[in-house]
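Data first, discussion second: the structure below is written as structure tokens.
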Amino acid sequence: MADGPAATGFEDLYLLNNSVPEVDLAQVNTGIVFLGRELKMPLIINAITGGIREADELNRDLSQLARRKGLGMAVGSQVVAMHEKMPPESFRVVRRENPGGLVLANVSARSRFPVALKAVEMLEADGLQVHLNVPQELAMPEGDREFCGVLDNITELVKRSPVPVIAKEVGFGLSREAAERLIEAGVEYLDIGGRGGTNFIAIENRRGGLFGTELTEWGISTAVSLLEVLSLSASVKVVASGGIRGALDAAKALALGAEMVGMAAPLLRMWQNGGLQVLEDWTEAFGYRLKAVMLMTGVSNMAELRNLPVLITGQTAEWIRARGIDPERWSRKGVQSYAQFTNSQRNSGDHESGKRGMHR
Ligand SMILES: Cc1cc2nc3c(=O)[nH]c(=O)nc-3n(C[C@H](O)[C@H](O)[C@H](O)COP(=O)(O)O)c2cc1C
């Protein structure tokens with residue numbers, strides 16, 4: 001279940017070191033409210049129980065992790081519970097273990113409303129993830145081949161669902177145009193699920209899928225997908241996922257403007273190798289490192305982190321420029337230019353001290 005072969009694009013993004021942050025570590029707060037639930041960290045344990053044999057145990061342990069560490073959690077596709085391949089009880093445990101936590105239901109974007117409603121009710125979910133995975137289906141010999149009507153179905157789900165719908169890619173990345181169509185369908189939350197982490201084409205190819213050894217580089221990198229979607233003027237809320245592998249990736253995604261980050265395969269690997277204790281240790285370390293990155297950039301909360309400039313270089317910058325999106329929108333974010341600064345000082349009649357201030 002290795003990542004790649006194509007990269008996430010996070011290697012093209014840079015945050016700036018702040019040598020004089022004037023922040024104490026104890027002041028740094030990674031807390032956030034998402035879908036009405038208070039979280040200690042802006043991290044969602046993303047859907048991983050789809051097709052996993054140990055789903056019962058895994059769901060129980062992940063929900064305990066989510067409760068103890070204040071994380072959000074999405075379950076894997078609940079469509080299996082509707083066909084009695086998996087008992088609903090193996091999902092219900094998630095809410096029982098974490099009554100006050102952020103829990104997301106998960107079905108296919110093609111699932112009809114009664115199935116989606118059952119999935120939400122099974123978990124008393126706060127949101128409903130609907131997954132979009134066209135390349136994976138096409139790579140699988142037994143996969144879906146009919147994709148017409150998905151947008152109409154999503155429109156219906158958004159209208160009738162008792163909780164907000166999150167349209168979620170699974171590792172091929174949402175483009176700006178796809179995001180626009182989803183927003184037109186009424187969706188207000190997008191999980192961009194970009195390329196660079198778990199690669200379902202590579203996974204299917206290893207299982208004798210229809211793409212042979214080809215197409216493993218297919219998709220839009222997580223960094224590019226985020227920028228494409230965040231460049232839209234619509235006030236959609238964005239979850240960044242696909243190859244998020246540590247605190248620096250997370251901080252970059254949040255600084256670009258994501259509300260939350262999601263992580264899937266590495267959490268499953270850790271659990272398989274060492275169980276809940278390993279996951280708890282990792283989460284503790286992740287939280288510390290996220291606070292450290294925030295302090296090193298001179299911010300102490302999520303709102304300030306989202307206002308930081310992010311430098312966009314390399315292929316990621318080239319891609320978004322070719323799409324008519326200006327990388328300076330992020331690199332100049334929250335930064336007063338020298339000209340603006342000196343003008344404001346001149347207007348206040350303090351030109352000389354203004355210049356000194358810039359050199360401090
Ligand atoms: C074993 C496994 C099972 C998954 N099952 C589901 C699923 O049922 N529903 C879904 O929306 N995504 C599913 N995903 C996709 C993840 O939620 C996520 O979108 C994808 O793995 C990219 O994130 P990552 O690079 O952090 O793994 C699964 C991923 C893995 C590794």
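Residue numbers count from 1 along this sequence. Both counts, for ligands and for their atoms, begin at 1 and track the order of listing.
- Residue contacts with ligand 1: Ile244 is excluded, as none of its non-hydrogen atoms falls under 4.0 Å.
- For Glu89, the CD atom counts as densely surrounded, since its 6.0 Å shell holds more than 12 non-hydrogen atoms of other residues, nucleotides or ligands.
- At a 3.5 angstrom cut-off on N or O pairs, Arg245 counts as close to ligand 1.
- Within the 4.0 Å heavy-atom criterion, the part of Asn106 lying near ligand 1 is the side chain and not the backbone.
- Heavy atoms of Gly243 come nearer than 4.0 angstrom to ligand 1 in at least one pair.
- Checking Asn46 against Gln129 by side-chain atom types alone, a donor-acceptor pair falls below 3.5 Å.
- Counting only heavy atoms from C-beta outward, the side chains of Phe34 and Leu39 approach each other to under 4.5 Å.
- For Gly171, the closest heavy-atom approach to ligand 1 does not fall below 4.0 Å.
- The local environment of CD in Glu280 is crowded, with over 12 non-hydrogen atoms from other residues, nucleotides or ligands closer than 6.0 Å.
- For ligand 1, the polar-atom distance check against Ser77 finds a nitrogen or oxygen pair separated by under 3.5 Å.
- Looking at Arg95 and Asp126, a side-chain N of the basic residue comes within less than 4.0 Å of a carboxylate O on the acidic one, giving a salt bridge.
- A donor-acceptor pair shorter than 3.5 Å can be found between the side chains of Asp191 and Ser241.
- By the 3.5 Å distance cut-off applied to N or O atoms, Ala264 is counted among the residues near ligand 1.
- Every atom of ligand 1 with a heavy atom of Met263 under 4.0 Å away is listed here by number and element: 26 (O).
- Residue-to-ligand polar distances keep Leu268 apart from ligand 1: every N/O pair is separated by 3.5 Å or more.
- Inclusion of Gln129 in the set of residues having an N or O under 3.5 Å from an N or O of ligand 1 is not warranted.
- Contacts classified as ring-ring contact (aromatic ring centres under 6.0 Å, His included) and involving residues 272-319 (residues at least two apart or in different chains) are given here: Trp282-Phe286.
- For the residues Val170, Thr8, Asn46, the heavy atom positioned nearest atom 20 (C) of ligand 1 is part of Val170.
- Remark: of the listed residues Arg289, Lys69, Lys291, Arg68, Lys69 is the sole one forming a salt bridge (Lys or Arg N to Asp or Glu O under 4.0 Å) with Glu284.
- Side chain to side chain, Arg112 and Asn153 meet the donor-acceptor criterion of an N or O pair below 3.5 Å.
- The residue from Gly76, Gly196, Ala47 that puts a heavy atom closest to atom 13 (C) of ligand 1 is Ala47.
- Of all atoms in ligand 1, numbered sequentially from 1 with element shown, those under 4.0 Å from a heavy atom of His131 are 9 (N), 10 (C), 11 (O).
- Under 4.0 angstrom from ligand 1, there are no non-hydrogen atoms of Phe172.
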